[in-house]
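Since the structure comes first, as structure tokens, the remarks are kept for the end.
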Amino acid sequence: MSDSFYTGASWQAPTADNQNTHAVVYLPHYASMQLALEHLDPNDSVNVLFPEVLEHYASEFVNRFPGDVLYAVKANPHPYVLKTLWNAGVRYYDVASLREVEQVAQLLPQAKLFMMHPVKSRKTILRSYELGVREFAFDDMSELEKIKQELPDALDLSLHLRLSLPSEDAAYSLEGKFGASFEMAGPLIKAAKAFAKSVGVTFHVGSQCMDPDAYRRALALLRDLLDNEGLELDSVDVGGGYPVNYPGMEAPDLGQYFEVIKNALHDFGFAGHKVLGEPGRALVAEGGSTLVRVEMRRGNELYLNDGTYGALFDAGSPKWRFPVSILTGDGRETQGALEAFSFWGPTCDAIDHMEGPFLLPADIQEGDWIEVGNLGAYGQTMATKFNGFYAEHTITVDEEPIVWRGPIGSVISG
Ligand SMILES: *Cc1c(COP(=O)(O)O)cnc(C)c1O
């Protein structure tokens, strides 16, 4: 049985219970990754999802984030992920394309969708509205005009001005492309208020943001801006950016982010506002691993059956290091200390290189499988079919992933 979602073939539309609050999507389930590999005998890499980890972060965000949680669907739009988050209480979804709108609306008809791409086609605006979307982002007067022209009779729009922020604290900056300048924000908010039912501001401190105070600084800047312009808002969306651990990148506990945001909302006069947050990475990264096989070893370079055109995009030119661990098929005990390895992906392209270093047993050899962790976000979903290499299987297992931080708040709770 193959999961066709990532392969481009039509996936089995989950029909059962679609009209109720409980969505069902089935994936092959195994007691362990090892048993799955024995049973599937796969030629390609295999994507693994860990339902309990996905559920854990979903409920922690829903219960502890000081506002409403919008899942940033692009991090992993797999129907199983969407369904698992829904069942764990996530009701709001941050979508950016018409296909994301259609997919989430079909799978989770009761979900509330936020179209947060600041630059949309006219068709996307109109069709999203027809599918029930009432929340739209914008960052320019021309986009506001576009929304007004496409939806002239809509009296129920909530508009979110995307502000541009300095994002020096994030490993992955999202600035420079989207977002209105602070100078333009006042006129844009006023123009939106003239025809929207509610108007708010949204920003994104950048992905994998390592400093919780970045959110506080953003809210402080926003308060200054509003006071200078003599404006008030209906909502504040503090965006995504909550980090997870990668080797060499130890993130502060998520609970610290929630505390800082909660306090800053209070200190800067946003306590009575509708508050939103858009986690992607921190909700789903640890909930997915990809299993890759060593096809050849040349010194400390491993040639794998997955790479930068597959789930390991961020290990390529962004040079992120991912947690790795060997899964030896024949029960062989690995010997010796861990050593540093670099990876080559399977395609013909020399760009398909991952510098690492990835720490693995010194005697790793051809045929060994490696679990690469933290690929539940911006990993499995990035894969292309270039050169005929792609994962055909997505499975769930009872095991835990190679890394996960367990209950959040363990550092600062209490
Ligand atoms: C990608 C994205 C997110 C999610 O960001 P993470 O860093 O994964 O939490 C949230 N909001 C917007 C607008 C995005 O583009």
- Note on the structure: Heavy-atom closest pair (Glu100 atom, Val95 atom, distance to 0.1 Å) is OE1-CA, 3.4 Å
- Message: As a quick check of understanding, evaluate side-chain hydrogen bond (donor to acceptor under 3.5 Å, both in side chains) for Tyr129 and Asp156, giving each step before the final call.
- Response: CA-CA 10 Å; Tyr129 189 84; Asp156 50 1; 2.8 Å; yes
- Heavy-atom pair with the smallest gap, counting every atom of Leu161 and Leu188: CD1-CD1, 3.8 Å
- Any donor-acceptor N or O pair under 3.5 Å, side chains Thr347, Asn387: no
- For Ser158, what residues pass the side chain to side chain contact (heavy atoms under 4.5 Å, CB included) criterion, not counting sequence neighbours? Glu135, His160, Ser198
- Message: For Ala311, is there any backbone N or O sitting under 3.5 Å from a side-chain donor or acceptor partner on Asp306?
- Response: yes
- Provide the closest heavy-atom pair for Asp211 versus Tyr257 in the form atom of the first, atom of the second, distance. N-OH, 3.7 Å
- Item | Shortest non-hydrogen contact from Trp369 toward Asn305 | CH2-ND2, 4.0 Å
- Can you establish whether the number of heavy atoms outside Lys190 located under 6.0 Å from its atom NZ is more than 12? yes
- Query: Are any of the side-chain heavy atoms of Arg91 and Trp86 separated by less than 4.5 Å?
  - Reply: yes
- Task: Enter the distance from Leu107:CG to Tyr80:OH here, rounded to the nearest 0.5 Å.
- Result: 12.5 Å
- Near Ile351 CD1, under 6.0 Å, is it more than 12 heavy atoms from other residues, nucleotides or ligands? no
- Query: Can any side-chain N or O of Asp352 pair as donor or acceptor with the backbone N or O of Thr308 at less than 3.5 Å?
  - Reply: yes
- Message: Within the 4.5 Å heavy-atom criterion, are Phe114 and Glu278 side-chain neighbours or not?
- Response: no
- Query: Roughly how far apart are Phe268 CZ and Leu219 CG, rounded to 0.5 Å?
  - Reply: 7.5 Å
- Query: Are any side-chain N or O atoms of Asp234 and backbone N or O atoms of Val199, one a donor and one an acceptor, separated by less than 3.5 Å?
  - Reply: yes
- Quick one: OG on Ser121 to CD on Glu150, what's the gap to the nearest 0.5 Å? 8.5 Å
- Message: Within the 4.5 Å heavy-atom criterion, are Pro77 and Thr381 side-chain neighbours or not?
- Response: yes
- Item | Leu27 versus Thr394, closest heavy-atom pair with distance | CD2-O, 3.7 Å
- Query: Does the side chain of Val201 reach to within under 4.5 Å of the side chain of Leu225, using non-hydrogen atoms?
  - Reply: no
- Pairwise side-chain contact, Leu291 with Glu371, heavy-atom cut-off 4.5 Å (strictly under): yes
- Task: Identify the residue among Phe203, Tyr242, Phe258 that makes a ring-ring contact (aromatic ring centres under 6.0 Å, His included) with Tyr215.
- Result: Tyr242
- Message: Is the shortest side-chain heavy-atom distance between Gln380 and His78 below 4.5 Å?
- Response: no
- Audit row: Arg293, Asn43, side-chain hydrogen bond (donor to acceptor under 3.5 Å, both in side chains) steps and yes/no: CA-CA 9 Å; Arg293 188 177 52 218; Asn43 195 35; 3.3 Å; yes
- Message: Donor-acceptor pair, distance only, cut-off 3.5 Å: does the side chain of Glu143 make one with the backbone of Lys120?
- Response: yes
- Can you find a heavy atom in the side chain of Leu40 that is under 4.5 Å from one in the side chain of Tyr30? yes
- Message: Could you walk me through whether Leu221 and Leu163 satisfy the side chain to side chain contact (heavy atoms under 4.5 Å, CB included) test, starting with their C-alpha distance in whole Å, then the side-chain angles of each, then the deciding distance to 0.1 Å, before giving a yes or no?
- Response: CA-CA 11 Å; Leu221 288 170; Leu163 265 189; over 6 Å; no
- Task: Give the ring-plane orientation class for Phe343 versus Phe358, where under 30° counts as parallel, over 60° as perpendicular and anything between as tilted.
- Result: parallel
- Criterion salt bridge (Lys or Arg N to Asp or Glu O under 4.0 Å) on Glu102 and Arg99, from CA distance to verdict: CA-CA 5 Å; Glu102 290 169 344; Arg99 286 199 186 85; 5.7 Å; no
- Item | Residues, nucleotides or ligands: over 12 heavy atoms within 6.0 Å of His266 NE2 | no
- Task: Apply side-chain hydrogen bond (donor to acceptor under 3.5 Å, both in side chains) to the pair Asp44 and His393, showing each step before the final yes or no.
- Result: CA-CA 8 Å; Asp44 299 287; His393 300 282; over 6 Å; no
- How about Lys262: does its NZ atom have over 12 heavy atoms from other parts shown lying under 6.0 Å from it? no
- Message: Is it the case that over 12 heavy atoms from other parts of the model lie below 6.0 angstrom from the CD atom of Glu250?
- Response: no
- Would you find more than 12 non-hydrogen atoms of other residues, nucleotides or ligands less than 6.0 Å from Arg122 atom CZ? yes
- Task: Go through the steps for Asn374 and Trp320 under the test side chain to side chain contact (heavy atoms under 4.5 Å, CB included), then give the verdict.
- Result: CA-CA 11 Å; Asn374 273 357; Trp320 286 27; over 6 Å; no
- Residues Arg216, Asp267: salt bridge by 4.0 Å N-O rule: yes
- Item | side chain to side chain contact (heavy atoms under 4.5 Å, CB included) assessment of Val236 paired with Leu222 | CA-CA 9 Å; Val236 180; Leu222 179 58; 4.0 Å; yes
- Message: Between Arg223 and Glu232 (salt bridge meaning N to carboxylate O under 4.0 Å), is one present in this structure?
- Response: yes
- Message: Going by side chain to side chain contact (heavy atoms under 4.5 Å, CB included), Tyr378 matches just one of Asp314, Val284, Asn76. Which one?
- Response: Asp314
- Item | Sequence-distant partners of Glu52, salt bridge (charged side-chain N to carboxylate O under 4.0 Å, His left out), two or more places apart | none
- Query: Between Lys148 and Glu145, does at least one N-O distance fall below 4.0 Å, as a salt bridge requires?
  - Reply: yes
- Task: Give, for atom NZ of Lys197 and atom CG of Leu159, the distance between the pair rounded to the nearest 0.5 Å.
- Result: 11.5 Å
- Message: With rounding to the nearest 0.5 angstrom, report the CG to OH distance, Leu70 to Tyr93.
- Response: 10.0 Å
- Item | Nearest heavy atoms of His273 and Ser235, plus distance in Å | CD2-N, 4.3 Å
- Message: Could you walk me through whether Thr202 and Met116 satisfy the side chain to side chain contact (heavy atoms under 4.5 Å, CB included) test, starting with their C-alpha distance in whole Å, then the side-chain angles of each, then the deciding distance to 0.1 Å, before giving a yes or no?
- Response: CA-CA 9 Å; Thr202 179; Met116 297 311 256; 4.1 Å; yes
- Item | Side-chain heavy atoms of Phe389 within contact of Ser45, under 4.5 Å | no
- Message: Using modelled atom types and a 3.5 Å cut-off, is there a donor and acceptor pairing between side-chain atoms of Thr384 and backbone atoms of Tyr309?
- Response: yes
- Separation of Met115 CE from Phe136 CZ (nearest 0.5 Å): 7.0 Å
